[in-house]
Amino acid sequence: MPRWGMVIDLDRCTGCGACVAACKVENNVQFVSAAESERGRRMHWLRLLVESTGTYPEAEIRIVPNLCVMCDNPPCTKVCPVHATYLGEDRLVAQIYPRCIGCRYCMAACPYSVKVFNWSDPRWSAETRSILNPDVSLRPKGVVEKCTFCHHRLQAAKEVARADQRPLREADYQPACVQICPADAMTFGDLDDEFSPVSQLRRSARAMRPQEHLGTEPKVYYLQRRDAHV
Amino acid sequence: MNTISRRHFIEVLAGAGVAVASGGWATDRLLAMVEEGTLRSPRLPGVQRWVPSLCRLCPAGCGIRVRLVDGLPVGLEGNRSDPVSAGGLCPAGLAGLQELVHPDRVRTPLRRDGPRGSGKWSVISWDEGLEEVAISLRILRSQGRPEAFGVLERGDSELTRRWLQRVMRAFGSPNLITASGPSSWRAAWAYAADRSLPPVADLANSDFILSFGHELFETDGHPVWQSKSWGRMRAPTAPPGVSVAYVGPRVSPSAIRADLRVAVRPGTEAALALGLVGILIMEDRVDRTFVDRWTTGFYSREEPRGPDRQGFESFVRRRYSPEDVSRITGASLDEIFRLARVLGSSQRPVAIVGRAPLSGEDGMATAMAIIALNLTLGAVGRPGGYVAASTPPLDFPEPVVPDAIARRGLSALRVDRPDPPPLSAVGQCPARLAANLLSGKPYRLEVLLIHGVNPVHAWPGAKAFEDALATVPLVVAVGPVVDETARWADLVFPEASFLETWQLLPPALGLPFEYVGVQQPAVEPLYESRSFEDMWFALARRVGEPVAGAVPSGTFAEWLPSAAAGLFHSGRGTIASGVNELRVADFMQTRGWRAPGPKTSEAFWEALRGAGSWLGGPPAERSPAQLLGASERGRFEFWPPRFERDASKQSGSSIPAAALYEGRSGRADGNGRAGAFAHAGDYPLRLLLFDTNTLWEGRTALTPLMLELSGFREDIAWDSWVEIHPETAHRNRISDGDRVRVESPAGALLVRARIAPIVPPDAVAMPRGLGHKHFGRFANGVGVNPLALLPATVDPWTGSAILGVQVRLASVRV
Amino acid sequence: MRTFEPSATSDPALFRSIDHTTTKFYVTVGVLAAIVLFAVFMYVRQVVLGLGVTGMMQPVTWGFYIVNFVFFIGISHAGTLISAILRITQAEWRRPITRMAEVITAIVLAIGGLHPILDLGRPERVMNVFLFGRLQSPLLWDVTSISAYFAASTVYLYLPLIPDIALLRDRSRRLRWFYDFLSWGWQGTPRQWKVLSRAINIMMIVVVPVAVSVHTIISYIFAMTLQSGWHSTIFGPYFVVGAIFSGIAALFVTMIAFRSAFRLEAYLKLIHFQQLAKLLLAMSMLWTYFTFCEYLTGFYGGEPEELKSILYKVTGQYAPLFWLMVACNFFIPLVLLGFRRFRTIPGILIASIGVLVGMWLERLIIVVPTLENPRMPFPSGIYVPSLTEISLFAGALALFALSFLGFAKLFPIVSVWEIQEGRALAKVEMEERIQSYLPDEQAGHVQA
Amino acid sequence: MSKPDVHGPWYRRGIDLLRLMSIVLMWLFLGGVITWMVNVVRVSHSLGDALTVSVGVSVVAVAVYTLVAAVLTYVFFGLQRGRGGPEK
């Protein structure tokens, strides 16, 4: 069974934010009012972390897409009191919305701050509701949610493969963010497959994983920027 | 409860997936399942379909696929088989569906009740509305003054523009005013190469892109195509090295990713470009072969026309020594040299320029300087340099022959023509429209049709434009919502979204290869909305002969295939079918090979619809010769004599040749340009306007998605902000997140402060696109509109608005 | 063997609170009830609207509720632990104190135990804890240990209460049937005494480890995560010490309050306070020592994220609160309890209030700043509690006072029989000691 | 409330019943806890999720509860047996 993982090449990433928008739409992540977002209640399964250092004009600004890194040894699933978040059969960290009691312990335990909480009920206007993605369930207030690597796409891909009577191929399944990226900065695939693009990339000298020292074994790799030699 | 098990549901979905993916055996099975499903229960589980189309939220027009489940649009993604966007999209692209179902869309034609701008409307039928317009148009013709009919249009789709032109010609009005960016670039090329259509930069094939304020990854050019090209440049396998350099005052998102970044004072890009030329000359990096063969005016020897009868070479060396340039631009000497050397040592460098520098006080000079730099580098008429913009072989009816009335009308001056007239190479001066209408010179308009532009919000001098509209007896607005401009109209027609309508789209921004995208409806038009083209046809028919004869009998959609037939008969190109096939196309083209395609034009049309785009391969014209129009000496001009003549004519006295590169306001001194810094005393800060790829110029700012992502890099949502340098902030006792007053001679705004070292200490920057008053429930009252700070000043040379002003900050104590 | 019969008549002062109800009492109850009701209203509102009504946000997802949870559970250690320790060590001066201590435990434990539920986004799903609970989650360790502690300490409160209940029954004013039922048929026969005292002895041993475990486990909620500022081995003992520390302070405040309210000066003498004050001072020193260890190791190690959150507390946004905490928990007790001159009732009262404030701050400073400093460069805001959270805090305090008053209305808040037993034993002990000084009867008779 | 007839046989029976119920309640509580623990362990087993931990924790918890219940019962019967005579 493939071990799905992602490699994000920060040297290619332009920080355009297409992944952020794509993720939000694909997964029916709720929008919050201006007032709520002022109070830090904005919801993103994938967001850009921006670090700026230095002074004008040499200001160095690093933009890093931040999403669930799908730990193989997740600190969040350990602490869940009701088994509402767990390491699924696809080795993806999953959430069970109807079971979550909203204690937010998993959020406190996540070293990557990628889990988001529904502080209030989503307010979809009738029109907006009609264009929501039917493959992704809506979340009510009071539960925790997060990036699923677009798990619903994996499900569909499996079904298609089955209908086609062939094994699931790596190319069958891509999360929305990877697919949309206009700079091809994100690569997705099977980390266990010796020859898959991801496993080739992750062997690069530039590859690193966030908070690696914590032993969480993330499945999302970042390729550091190569600074030009002039 | 429907009786279909989840298992079954999945099969249907899967079947659909396969049907689309492989089109294989599963299709019939799928249909069978749907059949029995239908029989069983009215509420069917999703059967999905993908419709390839184009995103039209910005002029770029990326290829998209709309996902339909049971005929309802529920998703949208990039179309991989589109050779330009290759499956990529910018964030704005994701907002398409939300715009489609926006609750405040105009649903029926509306007629104004009560005074203008009152926002009171009564519902009318299309017939009533169109008839009302047609009547006044007929009257205009019968009165023999058809020129009193004006159309103000965004003009980012070629075919629509041509139909507008054709009908306007038949009707007899010269006043088709298309508002697409600053005209300086176009004009400068017209002088330098004597060519109406400016060439485009072949970025994908150049190894070093020098960007003068050109926001590669944001809103300039074709952001997605540029990002894709960048992605290829930076492929992990590609060797590291300098591939992009950015020159500009603001550390923009594109600047961040550039390998080299040179900060210059606002409006001094031209000086830097000339300085670079100077160093290239000093270090003998000039592409002599090109310059000798293809240009004139470079050396002092050949009949020089430069200042004091000098060649461009010595002009630059004398006036733009590295020290001078460093002083003018504020860039350090070794920055400049570093840049020049990378430039000189690259194989296929190219210099491009963004809208911001071209919209400054001396857009013309900036454009000229950057063209000159490209000429010096020989970056014209070669791969990876400037090549001819594509004009795909779409069939279009022969131009109509205007009748007597029309001829008289056409001979009239354009209503937007400034006085004194602008440079002859400049066609459009939309920025002048308001002033002219108010002054009544050259004459007033009786009927004004506005489509796709929102001047009251997006142009400087909103108030003036409102007053100008008041002088027009009949104002008709066509659009998806009643925006700030439409609010002042007498009639509003509901325009269908791009997901509901047809279009064949050659890239509006020009791409270095022939390409046509197919925009086709994913859903039937909601409510009573229609495509703008159909409305136009209907209107023309109602006006009666000879105008009616100018349009086809059917709908726009019915006519399109015949336009596409041109592509088929041209015998060139292929129907796009996969990512990255540009190289393949190039390879085949150069060998005169060609992939087997459909046999009949009908089959061709069907195949084209299925794939979503047609790729004509690399530009036909790639040699300098083919880029030159009917030029006097068949060379690119460093000192275009026509430019000099026009400029002198325009200013009434002969102007120094140097002005071609230094602008009317003369050479910049250490403090920047005189014009720009008139108020430097009480308004010490330069206001830089920029666009974000979520808001564009406000075009997309009506959807919740874009509004929430308005400042996603700044951790700001549903709001605008003003970027302030830490020192400046400290001096004004402003801390991050404060509300500050930004004041200019023209107005003042209250806005959130964003303190970051990404703007120079003597400038502040604000995003355009927010601060709407009437743009749907989501956008209203969100953020502020920086254009309110701008006086409506027009560049007399180009007739376009100058987007620059000096401001000051006042911190607000709460 | 017990040679005395506890009597209802000899200590009327202890029954006053039960017999006489002043208007002041009614007013107090009224006010407290109002506060509680308002809190209930705010909570219902929160359930309806969602946690958006609180001040919590991304990434500060825990706030007042968790802080107060830790704080209240901490206070609950006052009782049982203290009274148990005092019983075990047979400190004579414990007698008037133990009852109050145990009551505090029972009540505060109940209130504290509610807080995690207040904090839930979907309280109606709390049953999931029983249906799909995962004992691997520290949160469930808490659920079990707290309920166990609650059971144990209630029993431990009840057993010593039985003889007093019997007294009340025999005075038979109101609610006779109630006391009759609760007295479990106590008649004070030697055999019953034997059973009871044995049971009490067992319980006082049992509760000690349970109590310790409870607060250790509370600390595990934080220590088991990988977050900087939480992931620390010292947390267990650190929390326990803090708990006892705040517990004693709370005990002091209650004692002083009831002493003046029910005029128990005769029973709660300065000596008792001074004895207990020494314990409080000792705890203050211990707490300071732990705090020092905790921060020094983190600071010296200088692991970036760790350092970030430490500096954030010590010099950054939270510096004022941090240093206020140190003042309240260290300097004030040191001065007021260290010198005999200040070790008066008012002095002790001030010190205890200071400690309560300080310990509450400590909980706050442990929970929030870590969340405000995530490991990733995450745009983070400052947590400011909303009206909802504040009113629920007030409600919890009011509920505590209310319940305590209620208890005082039904039962003597100073153990009657233990006092009297004390007196009796003292008499016996005294005679024996005197005897031991004097020569035996026979010693005088000289052999002829 | 009306004063109950403290000498009537029904009153006595009622009180005794109440007392009995109180102690039974304790055992019911213990039973509840045990079922909960068993269930939780079962879940963790079926989900292959840290079984040993669950067993360990549950054993400790149950032990404590049992002890408490035992003590209470001991007292209850101790007091009943230790009566001098019928309560007046």
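Lettering of chains follows the sequences in order, A, B, ..., and the numbering in each one begins at 1.
- Checking A:R202, A:R203, A:E212, A:R206 one by one against A:Y221, the side chain to side chain donor-acceptor pair (under 3.5 Å) holds for a single residue, A:R202.
- At a 4.5 Å heavy-atom cutoff, the contact between C:V47 and chain A is made by backbone atoms alone.
- Ranked by heavy-atom pairs shorter than 4.5 Å toward chain C, the options A:P210, A:C100, A:P75, A:S120 are led by A:C100.
- When side chains are defined from C-beta on, C:P237 does not count as touching C:V212, because their heavy atoms never get closer than 4.5 Å.
- Most heavy-atom pairs under 4.5 Å with chain C: of the set A:I101, A:V144, A:D121, this distinction falls to A:I101.
- Using a 4.5 Å cut-off between heavy atoms, C:L131 does not touch chain A at all.
- Minimum heavy-atom separation, A:P111 to A:L214: CB-CD1, 3.5 Å.
- Between C:Y149 and C:H77, the distance separating the two ring centers is shorter than 6.0 angstrom.
- Chain A forms more heavy-atom pairs under 4.5 Å with one residue of C:L140, C:T225, C:D119 than with any other, namely C:D119.
- Within the structure, ring-ring contact (aromatic ring centres under 6.0 Å, His included) contacts touching residues 90-113 of chain A (residues at least two apart or in different chains) are A:Y105-C:W62.
- Two residues are said to be in side-chain contact when any heavy atoms from C-beta on lie closer than 4.5 Å; C:T388 and C:F64 fail this criterion.
- Among the candidates C:S137, C:G55, C:P374, C:G50, the residue making the largest number of heavy-atom pairs closer than 4.5 Å to chain A is C:S137.
- Residue with the most contacts toward chain C among A:G102, A:G40, A:P81, A:A109: A:P81 (heavy-atom pairs, distance under 4.5 Å).
- The shortest side-chain heavy-atom distance between A:H152 and A:N133 falls under the 4.5 Å cut-off.
- No side-chain heavy atom of C:F299 sits under 4.5 Å from any side-chain heavy atom of C:V314.
- For chain A, the option among C:Q227, C:E124, C:R134, C:M376 with the highest count of heavy-atom pairs below 4.5 Å is C:R134.
- The contact between C:L51 and chain A is made by backbone and side chain atoms together, counting heavy-atom distances below 4.5 Å.
- Of the residues considered (A:K115, A:R47, A:R42), A:R47 shows the highest number of contacts with chain C, using heavy-atom pairs under 4.5 Å.
- In this structure, the portion of C:Y220 lying under 4.5 Å from any heavy atom of chain A is its backbone and not its side chain.
- Only the backbone of A:C110 has a heavy atom closer than 4.5 Å to any heavy atom of chain C.
- No other option in C:L371, C:I117, C:I221, C:V129 has as many heavy-atom pairs under 4.5 Å with chain A as C:I221.
- Taking the centre of each ring, C:F222 and C:Y238 stay at or above the 6.0 Å mark.
- In this structure, the side chains of A:M6 and A:V198 stay at 4.5 Å or more apart for every pair of heavy atoms.
- For chain A, the nearby part of C:W230 is the side chain; its heavy atoms alone come within less than 4.5 Å.
- With ring centers used as reference points, C:F235 lies under 6.0 Å from C:F239.
- Comparing C:M224, C:Q136, C:H231 by how many heavy-atom pairs each has under 4.5 Å with chain A, the most go to C:Q136.
- Both tests hold for A:R104 against A:F117: distance to the six-membered ring centre under 6.0 Å, angle to the ring axis within 45°.
- The candidate from A:R41, A:K78, A:H83 with the greatest count of non-hydrogen atom pairs under 4.5 Å with chain C is A:R41.
- Interface remark: C:E305 contributes side-chain atoms only to the contact with chain A (heavy atom separation under 4.5 Å).
- In terms of non-hydrogen atom pairs under 4.5 Å with chain A, the most contact-rich of C:T370, C:T54, C:V143, C:V53 is C:T54.
- In this structure, chain C has no heavy atom under 4.5 Å from any part of A:N118.
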